[in-house]
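Since the model is a prediction, treat every value here as computed from it, not as a measurement. Computation of the quantities below employed the complete heavy-atom set of this structure, encompassing side-chain atoms and omitting hydrogens, waters and symmetry-equivalent molecules. Here is the naming used below: chain letters follow the sequence lines, and residue numbers restart at 1 for every chain.
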Amino acid sequence: MADKKLTVAKTGNEAMAEAMRQINPDVVAAYPITPATEIAQIFAGFVADGLVDTEFVTVESEHSAMSATIGAAAAGGRCMTATSSQGLMLMAEMLPIASSLRLPIVMPEVNRTISAPINIHCDHSDTMFVRDSGWMQVYCEDAQEAYDSILMGIKIAEKISLPMMVSTDGFIISHCMANIDLIPDEDVKEYIGKYNPKTWLLNPEKKITVGCLDLQDYYFEHKMVAIDAMRRAKGVIKECCKEFGARFGREYSFFDTYKIEDADIAILAMGSLTGTAKVAVDNMRRAGKKVGLIKMRVFRPFPADELARVVSGLKALAIMDRSDAMSGLEGPLAVETKAALYNNDTKPKIHSYVYGLGGRDVQISELESIYNDMDDLSRAKKKFDENVTYLGVRE
Amino acid sequence: MEKRKLGWKELPDADSIEAGTSAEFKTGDWRSQRPVFHKENCIHCLTCWVVCPDAAIIVEDGKVTGYDYDHCKGCGICANECPVNKGKGKDDVSKRPIIMEDEKKFQK
């Protein structure tokens, strides 16, 4: 492997488009939306240049993009699309259809906030809006992770027959250039293999009905099959991450941890913030503070037991949400992490933060002060009036 | 006897069902109007067979023989589109091949 290593400079969007080129899907149906436009645009270039065999469908909306992708996937193809923000909103009606029809569509998604007010920059409101659509969700820290996650996603999705969205933070990852290691084309081809759907519409040997009417007497049972698939997806993700690590030397999991082993205090976060947080951890460590970081990668299926195990020994935990569900509670990562910990005998003190809405930057110093606040919280030197703090919002 | 209903573990892993199951789903009892066939007036143009949304027109050897009342929902499209009903039968009901009647009359 080492002699074939190819290090190149790519933006997040370029990296995801490159992964799509190597996957060479049967069908890609896509509609442009900032900041995900480039993914389909670059891929369309690959189609025009004859670098892929893909049937590229230029559709009139994201609803149609997802519908065409679903149709092509039901017909037995390996199918992809890409979107962001309002585009994902427009796809929303079709997303649970893809998952409950058990179609292994892999979709690069670039996190951008949702309207109103209109804003093109990053937060996780878009993917969090569809977190209950039955799609697996992976949040990436950088372009390398996005590239690897798309490739792994094909394997995972096809094994468990569920769709997956792999997201990067809009502009922060999607448009910033970083060095990434590419896997040679032939190795990707060998790794993902040929897609063999269990059933498909264009198979005259075994005729099937897809998406038929299903009322009181069977809907629950059919839904249960899909629910069970999402529960089993954890095992498949674990196995596929291991295999990817063994093959290509980069091993992932539901979450990555940084200096967590002896930590008393930790931050739990997703996406590009985790890169910033690592610098804050290093600074705090130099000052003698036992702090660490948990970078959540896989939000769906939610790795509740695994997460509970990692955080149960901590004294205090700050949970960082880059979206607010407007639920009157806290952000979704905080709510679900707390639910995961409810039955644990030992759990850390928790305070959650909603940060960076609409693309607002978070500074290293802000994270350091969160670590200090958590330290005080753990020693009962600090009390919060509310369970959640809206980081840096002007009053 | 009613067929035993399957549990979720017995269902196929991905959501697909064998083709043609709508034949087992008897939708005829949704009907409030029933098309009654008068063979002697029919010219077997098969317009009704083309337009029926439920494939409930029974045709044998190119000739209409009657209706599949297990699946006919009584929408009346056949009677509405029948060229004889619209032509000769327009003013003379006795010339019509398809006459819509109240379903209640046929229930025991």
Qualifying side-chain hydrogen bond (donor to acceptor under 3.5 Å, both in side chains) pairs, either residue in residues 40-54 of chain B, two or more places apart |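 side-chain hydrogen bond (donor to acceptor under 3.5 Å, both in side chains) check on residues 40-54 of chain B returns Asp54(B)-Lys73(B).
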Decide yes or no for Ile227(A) and Trp8(B): does some side-chain heavy atom of the first lie under 4.5 Å from some side-chain heavy atom of the second?
->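 Ile227(A) does not reach Trp8(B) side chain to side chain.
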Of all the heavy-atom pairs spanning Tyr218(A) and Leu6(B), show the shortest one and how long it is.
->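 Scanning both residues, the minimum pair turns out to be OH-N, 2.5 Å.
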Provide the closest heavy-atom pair for Glu221(A) versus Leu11(B) in the form atom of the first, atom of the second, distance.
-> CB-CD1, 3.5 Å
[atom1]/[X]: more than 12 non-hydrogen atoms of other groups inside 6.0 Å:
{"X": "Lys88(B)", "atom1": "NZ", "value": "no"}
{"X": "Glu55(A)", "atom1": "CD", "value": "no"}
{"X": "Phe129(A)", "atom1": "CZ", "value": "no"}
{"X": "Lys90(B)", "atom1": "NZ", "value": "no"}

Heavy-atom distance under 4.5 Å to chain B: side chain of Phe220(A), backbone, both or neither?
->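 Answer is neither: Phe220(A) stays 4.5 Å or more from chain B.
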Quick one: what part of Leu162(A) sits under 4.5 Å from any heavy atom of chain B, side chain, backbone, both or neither?
-> neither
For a quick test of your reading: what N or O donor-acceptor pairs under 3.5 Å do the side chains of residues 56-63 of chain B make, sequence neighbours left out?
none

Heavy-atom pair count under 4.5 Å with chain B, highest-scoring of Ile208(A), Asp217(A), Asp228(A) |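 Of the candidates given, the most pairs with chain B belong to Ile208(A).
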Between Lys206(A), Met224(A), Lys207(A), which shows the greatest number of heavy-atom pairs under 4.5 Å with chain B?
-> Met224(A)
